[in-house]
Novice: 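Quick one: structure below, then a few questions.
Everything quoted here is computed from the prediction, not taken from an experiment. Just so we're on the same page: letters track the sequence lines, and every chain starts at 1.
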Amino acid sequence: MQFSAIRPKLLRTINVATVTTSSSPHHPSSVTTSKRAAEQRCLALFQDHTCNTFPKLAQTQTHILKLGLHNNPLVLTKFASTSSDLDAIDYASSFIFSPDADTRLYDTFLFNTIIRAYAQTSQSKERALYFYNAMLDYGVWANKFTYPFVLKACAGLRVLSLGQSLHGSVVKLGFDDDAHVQNTMIHMYSSCSGGIEFARKVFDGMPKLDSVSWSAMIGGYVRLGWSTDAIGLFRKMQMVGVRPDEITMVLVLSACTDLGALELGKWAESYIEKERVQKNVELCNALIDMFAKCGDVDKALKLFRNMSERTIVSWTSVIAGLAMHGRGFEAVSLFEEMIGAGVAPDDVAFIGLLSACSHSGLVEKGRKHFDSMAKKFKIVPRIEHYGCMVDMLCRAGQVKEALEFVKKMPIKPNPIVLRTLISACHAHGELKIGENITKQLIRNEPMHESNYVLLSNIYAKMSHWDKKTKIREVMDKKGMTKTPGSTMIELDNEIYEFVAGDKSQRQYKEIYEMVDEMGRELKRAGYAPTTSEVLLDIDEEDKEDALNRHSEKLAIAFALLNTPPGTPIRIVKNLRVCNDCHSATKFISKIYNREIVVRDRNRFHHFKEGFCSCKDFW
DNA sequence: GTAGGGTTAG
């Protein structure tokens, strides 16, 4: 990466000239006290508060200029380090490194402070590295405190080659035996794409691992979605006798959440209680998120109600959790309760709220809150927010309105929004429009498998069988592979994973017999397989067979075989549940008298006595 | 004087 390219951009952003002339001119007469005293007063000012809002920033800038301290690096570094506002840091660094600044004052501490300020603020990681390079250019030595900042910035940029060159510098300067540096190195490597092996190498080479090292490594696995490995590493950590702290437990819970492993999550909770791990807000938030996403949203709600201190993350987790379970009314009223409690919603909270409205058909509520976003809360809606709105209109069957909405959007619709529209066109008979949008989408995204599936489904509904067959050929020609659907289930502290047509389980013969029996019972109960969704070019009977071997059905058969009658079944799908599995599961819940809780990619389905909580909107 | 690992959505 070229950091030399950053400087001109940096200077443009800061625009030194404007700042200097628009504020009060610094005539010598306006400086009434001695420079030294002013410097002290100014430093004391920053001690008391952080300058992270714009009015405060402007005020402080004027103040600095009035006192004639605009070229005093000490004052300016302090200013930068107490601020989390990027403009403020830019302002400070532009003066510190301006041509008339006193370079004799440049030292390691000064650079470390500026680098830290940039490394801690999002969207300024490049600048942190730019000033690290500048530091070396000025002949100022980096010390062991410099590297955690620099490595953190590199982690944010996710560039492996850069990380490796920094690693080289660390070794050359002899800071590679410092625990803080090593731990940050694990974090840096595991954040860069393709860096996990390097992270593990650092981790394995460390003479003494503390809870931070373990957490850094576990966190790396969690970020990659390697949740089973993360849990495995946690078990190893316990075996070697390192006590996990609250951050380790946040990561463990995060892995449970990813797996949808409720039993494991409950175990983690009791472990926290037993080991008296400090339950801070972040840990409570992770617990709420885990319970909501592992299927027990009532427990999540209970934890939330018992919290003494809540952050926006706590509110958002529980709002999004309720939305995911189709409990939109409760989600919306909780959002309104939050506003009433004086907690300002952020962009993420709005996504939770809008998805709640969308999943529960609350169109008017959704529109009202969407309008309030910009007007009342000054949050500019992002494509995700527009996406929620499109989704909401489509689910409510207002396809024409959804199409109008997209036309009027100030942002270009992304493929996700287009796919939402296409599904709605398919469902509500706007086949010609759907076909056109899909063709356009395939031109933009030719390697995305689900675009072809959408087109195939549209052709099936139009009875254009020849065109439908052709799609399969196109997909084969392009060498596209379907993401295999898989379903997980937890049984006796063990996690079982099924893929379609799976024969790797020891019990597979019994499972397939059970699937066949289920098929017979389903037909007797009046269920008709939805074969039009099968993309393969095979005859109807084989299609039924393909549907019966869906991972979800295998997992349900496995659960019926291995759990006592009447107990609920919980399964986790990696993709969205297919139409056929959805209607079959409704029948299964009735025939076998089981409550079946399915988590798919988007939300939860609670099947009971032949009905699903999603009311067929999903 | 300065340092390490974490939670919400998509």
Novice: Between dG10(B) atom P and R603(A) atom CZ, what is the distance in whole Å?
Specialist: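 Rounded to the whole Å, the gap is 13 Å.
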Novice: Mind listing the residues from residues 366-374 of chain A sitting with a heavy atom below 4.0 Å of DNA chain B? Number order is fine.
Specialist: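 Residues of residues 366-374 of chain A that come under 4.0 Å of DNA chain B do not exist, since none gets that close.
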Novice: So, S360(A) side chain and C357(A) main chain: donor-acceptor pair closer than 3.5 Å or not?
Specialist: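 Not a single qualifying donor-acceptor pair exists.
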Novice: What integer distance in Å separates L322(A):CG from dT8(B):P?
Specialist: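 After rounding, the reported distance stands at 17 Å.
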Novice: Take the protein atom NZ of K152(A) and the nucleotide atom P of dG6(B), then report the distance between them rounded to whole Å.
Specialist: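 Checked: the NZ to P distance equals 8 Å.
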Novice: Name each donor-acceptor pair under 3.5 Å that joins a side chain in residues 335-347 of chain A to protein atoms two or more places apart or in another chain, with its distance.
Specialist:
from	atom 1	to	atom 2	distance (Å)
E336(A)	OE2	K365(A)	NZ	3.1
E336(A)	OE2	H369(A)	NE2	3.0
E337(A)	OE1	R305(A)	NH2	3.1
E337(A)	OE2	R305(A)	NH1	2.9
D346(A)	OD1	V348(A)	N	3.2
D346(A)	OD1	A349(A)	N	2.9
D347(A)	OD2	R382(A)	NH2	3.0

Novice: Just to be sure I understand the geometry, which residues of residues 197-210 of chain A put a non-hydrogen atom under 4.0 Å away from DNA chain B?
Specialist: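 Of all residues in residues 197-210 of chain A, the ones placing a heavy atom under 4.0 Å from DNA chain B are D210(A).
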Novice: Could you tell me whether the side chains of N285(A) and S314(A) share a donor-acceptor contact shorter than 3.5 Å?
Specialist: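 Checked: N285(A)/S314(A) side chains pair up, N/O donor to acceptor below 3.5 Å.
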Novice: Side chain of I416(A), heavy atoms from C-beta onward: which of dA3(B), dT8(B), dG10(B) has the nearest atom to it?
Specialist: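 In terms of side-chain proximity for I416(A), the closest of dA3(B), dT8(B), dG10(B) is dG10(B).
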Novice: Think K293(A) has a side-chain N or O under 4.0 angstrom from the OP1 or OP2 of dA9(B)?
Specialist: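 It does, given that an N or O in the side chain of K293(A) lies less than 4.0 Å from OP1 or OP2 of dA9(B).
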Novice: Would you mind telling me which of dA9(B), dA3(B), dG1(B) lies closest to the side-chain atoms of D107(A)?
Specialist: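 Minimum distance to the D107(A) side chain belongs to dG1(B).
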Novice: Looking at every strand, decide which applies to N414(A) at a 4.0 Å heavy-atom threshold: base, sugar-phosphate, or nothing.
Specialist: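 Since no nucleic acid heavy atom lies under 4.0 Å of N414(A), the category is nothing.
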Novice: Of all the nucleotides listed (dG5(B), dT8(B), dG10(B)), which has the minimum atom distance to the side chain of I351(A)?
Specialist: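 Output: dG10(B).
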Novice: So, OP1 or OP2 of dG6(B): does either fall under 4.0 Å of a side-chain N or O from H187(A)?
Specialist: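 Affirmative; the distance criterion is met.
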Novice: Is there a donor-acceptor contact under 3.5 Å from the side chain of T108(A) to the main chain of W141(A)?
Specialist: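 At least one qualifying donor-acceptor pair exists.
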Novice: CG of D176(A) versus P of dA3(B): gap in Å, rounded?
Specialist: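 Distance check: D176(A) CG to dA3(B) P gives 21 Å.
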Novice: What does S254(A) touch in the nucleic acid at a heavy-atom separation under 4.0 angstrom: a base, only the sugar-phosphate, or nothing?
Specialist: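 Touches nothing.
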Novice: With respect to the side chain of T248(A), which nucleotide from dG5(B), dA9(B), dT2(B) is positioned closest?
Specialist: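 Output: dG5(B).
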Novice: Contact class for I288(A) (heavy atom, under 4.0 Å): base, sugar-phosphate, or nothing?
Specialist: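 Counting heavy atoms under 4.0 Å across all strands, no contact is made by I288(A).
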Novice: Between R223(A) and dG5(B), does any side-chain N or O lie under 4.0 Å from OP1 or OP2?
Specialist: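 For dG5(B), OP1/OP2 do not have a side-chain N/O of R223(A) under 4.0 Å.
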Novice: Can you figure out which of dG6(B), dT2(B), dA9(B) approaches the side chain of F109(A) most closely?
Specialist: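 Between dG6(B), dT2(B), dA9(B), the one nearest the side chain of F109(A) would be dT2(B).
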Novice: Taking the six-membered ring for Trp and the full ring for Phe, Tyr or His, determine whether the centres of F234(A) and W214(A) are under 6.0 Å apart.
Specialist: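 They do not qualify: ring centres at least 6.0 Å apart.
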Novice: Can a donor-acceptor pair be found between the side chains of H325(A) and R603(A) at a distance below 3.5 Å?
Specialist: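 No, no side-chain donor-acceptor contact under 3.5 Å.
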Novice: Using a heavy-atom cut-off of under 4.0 Å over every strand shown, decide if R310(A) touches base, sugar-phosphate, or nothing.
Specialist: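 Answer is nothing: R310(A) stays at 4.0 Å or more from every strand.
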Novice: side-chain contact (heavy atoms from CB on, under 4.5 Å) with L283(A): which of V277(A), I247(A), I288(A), D245(A)?
Specialist: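 That would be V277(A); it is the only one of V277(A), I247(A), I288(A), D245(A) passing the side-chain contact (heavy atoms from CB on, under 4.5 Å) with L283(A).
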Novice: May I ask you to say what F350(A) touches in the nucleic acid, namely base, sugar-phosphate or nothing, with a heavy-atom cut-off under 4.0 Å?
Specialist: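 Nothing, no nucleic acid heavy atom in range.
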Novice: Send over the distance from N143(A) CG to dA3(B) P, rounded to a whole Å.
Specialist: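 Rounding to the nearest Å, CG of N143(A) and P of dA3(B) are 11 Å apart.
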Novice: Would Y132(A) and R127(A) count as having a side-chain donor-acceptor pair, cut-off 3.5 Å?
Specialist: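 On atom types as modelled, these side chains do not qualify, holding no pair under 3.5 Å.
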Novice: Side-chain donor-acceptor pair under 3.5 Å between S215(A) and T248(A), yes or no?
Specialist: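 Present: a donor and an acceptor within the cut-off.
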Novice: T146(A) near the nucleic acid: base, sugar-phosphate alone, or nothing, with a heavy-atom cut-off under 4.0 Å?
Specialist: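 Nothing, no heavy atom under 4.0 Å.
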Novice: Can you identify which nucleotide, out of dG6(B), dG10(B), dT2(B), has its nearest atom closest to the E384(A) side chain?
Specialist: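 It is dG10(B).
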Novice: Rounding to a whole Å, what distance do you find between N112(A):CG and dG1(B):C1'?
Specialist: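 Checked: the CG to C1' distance equals 10 Å.
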Novice: Among dA3(B), dG1(B), dG6(B), which is the nearest nucleotide to the side chain of R116(A)?
Specialist: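 For the R116(A) side chain, the nearest candidate turns out to be dA3(B).
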Novice: Mind checking if R382(A) touches a base, just sugar-phosphate, or nothing, with heavy atoms under 4.0 Å?
Specialist: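 If one applies the 4.0 Å heavy-atom cut-off, R382(A) turns out to touch a base.
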Novice: Would you check if the distance from the ring center of F95(A) to the ring center of Y91(A) is below 6.0 Å?
Specialist: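 Judged by ring-centre distance (under 6.0 Å), F95(A) and Y91(A) do meet the cut-off.
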Novice: Take atom CG of N280(A) and atom P of dT8(B), then tell me their distance rounded to the nearest Å.
Specialist: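 Result: 14 Å.
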Novice: Taking the minimum atom-to-atom distance to the side chain of D289(A), which one of dG6(B), dA3(B), dT8(B) wins?
Specialist: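 The answer is dT8(B), which lies nearest to the side chain.
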Novice: For the residue pair N112(A) / T146(A), report whether a side-chain donor-acceptor contact shorter than 3.5 Å exists.
Specialist: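 Judged by distance alone, the side chains do pair up.
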Novice: Can you tell me if Y147(A) and H180(A) form a side-chain donor-acceptor pair at under 3.5 Å?
Specialist: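 Y147(A) vs H180(A): no donor-acceptor pair found between side chains.
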Novice: To the nearest angstrom, how far is L303(A) atom CG from dT8(B) atom C1'?
Specialist: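 In whole Å, dT8(B) C1' lies 15 Å from L303(A) CG.
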Novice: Base of dG6(B), side chain of N285(A) - is there a donor-acceptor contact under 3.5 Å?
Specialist: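 Donor-acceptor pair under 3.5 Å: no.
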Novice: Taking the minimum atom-to-atom distance to the side chain of V250(A), which one of dT7(B), dA9(B), dT8(B) wins?
Specialist: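 From the listed options, dT7(B) comes nearest.
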